[in-house]
Amino acid sequence: MKTSLPRALLHLTLVAAWLAEGCLGSSALTRLYVLAATEGTSAPHAPTVSVGVGPVTVASYLDRPQIVTRPSADTIDLAEFDQWGEPLRDGISRVLAEDLSRQLPAAKVSVFPSRGSGSARYRVEVDVMRFDGPVGGETTLEARWRILDDASGKELAGQTLLRTEA
């Protein structure tokens with residue numbers, strides 16, 4: 001029985017592809033995620049102010065592309081195929097600035113450090129200590145923050161703990 005060269009190459013290619021899939025395994029596509037600002041209402045009669053958001057820092061275990069989940073109190077898992085589309089600290093800075101801009105429409109809000117943010121009267125610094133939870137369960141965000149008034153030198157500091165169901 002004669003086999004044409006193109007047909008033989010097709011069979012060889014199919015067999016090679018089948019073997020490669022079996023040897024190498026199939027790979028899942030990596031999904032990338034970004035944080036999104038919330039829909040908010042603006043503050044009535046908000047004064048015109050300038051606000052610089054940042055620096056924002058995140059705990060070392062969060063400072064990676066993979067999304068971190070916490071199946072138990074002392075265990076974390078890294079999602080191989082679910083990753084942040086930007087560094088988490090940058091996403092938090094961006095979303096916080098967007099949220100503040102929506103809530104204070106007369107304010108000039110920028111992400112610190114950036115050009116012109118050195119002239120911001122107020123600066124919001126955030127240290128994210130925890131941002132995780134079990135897959136499909138309650139997500140916990142725990143952060144320390146400071147609001148600095150560069151004009152008066154005064155500061156306001158606090159800690160926020162937020163929990164939300166998936």
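For this chain, numbers begin at 1 and follow the sequence in order.
- In terms of heavy-atom proximity, Glu98 sits nearest to Ala37 at OE1-CB, 3.2 Å.
- Under the side-chain contact (heavy atoms from CB on, under 4.5 Å) rule, Phe131 has a single partner from Val58, Val68, Leu88, which is Leu88.
- With sequence neighbours excluded, no residue forms a salt bridge (Lys or Arg N to Asp or Glu O under 4.0 Å) with Asp99.
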Could you please spell out the steps behind the side chain to side chain contact (heavy atoms under 4.5 Å, CB included) verdict for Phe81 and Leu29?
CA-CA 7 Å; Phe81 298 110; Leu29 294 176; over 6 Å; no

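- For the pair Ile76 and Pro71, the tightest heavy-atom approach, listed with the atom from each and the gap, is CA-CD, 4.1 Å.
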Given Leu35 and Trp84, is the side chain to side chain contact (heavy atoms under 4.5 Å, CB included) satisfied, shown in steps?
CA-CA 9 Å; Leu35 297 173; Trp84 294 114; 3.8 Å; yes

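- For Glu39, the side chain to side chain donor-acceptor pair (under 3.5 Å) test picks out no residue, with sequence neighbours left out.
- Pro105 and Arg102 get closest at one heavy-atom pair: CD-O, 3.8 Å.
- Considering all non-hydrogen atoms of both residues, Val56 and Ser93 come closest at CG2-OG, 3.2 Å.
- Within the structure, salt bridge (Lys or Arg N to Asp or Glu O under 4.0 Å) contacts touching residues 54-67 (residues at least two apart or in different chains) are Asp63-Arg89.
- Around the CD atom of Glu80, the shell of radius 6.0 Å holds no more than 12 heavy atoms that belong to other residues, nucleotides or ligands.
- Under the 4.5 Å side-chain contact rule for hydrophobic residues, Leu148 and Val126 do not share a cluster.
- Both Ile92 and Leu162 are members of a single hydrophobic cluster when ILVMFWY side chains are connected at heavy-atom separations under 4.5 Å.
- The line from CG of Asp82 to CZ of Arg31 is 4.0 Å long, rounded to the nearest 0.5 Å.
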If you apply the rule side chain to side chain donor-acceptor pair (under 3.5 Å), what do you find for Asp77 with Thr75, and how did you get there?
CA-CA 7 Å; Asp77 289 334; Thr75 306; over 6 Å; no

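- With a 4.5 Å cut-off on side-chain heavy atoms, Val53 and Val109 count as touching.
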Would you sort out whether Ile147 and Asp149 count as a side chain to side chain contact (heavy atoms under 4.5 Å, CB included), showing the intermediate values?
CA-CA 7 Å; Ile147 301 172; Asp149 181 343; over 6 Å; no

Would you check, one step at a time, whether the test side chain to side chain contact (heavy atoms under 4.5 Å, CB included) holds for Arg94 with Val34?
CA-CA 10 Å; Arg94 177 182 52 75; Val34 294; 3.9 Å; yes

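- Of all non-hydrogen atoms in Gln83 and Gln66, the two that sit nearest each other are CG-CA, 4.0 Å.
- Panel note: side chain Ser50, backbone Arg121; a donor-acceptor pair is recorded below 3.5 Å.
- The minimum heavy-atom distance linking Ala120 with Asp150 is given by the pair O-OD2, 3.3 Å.
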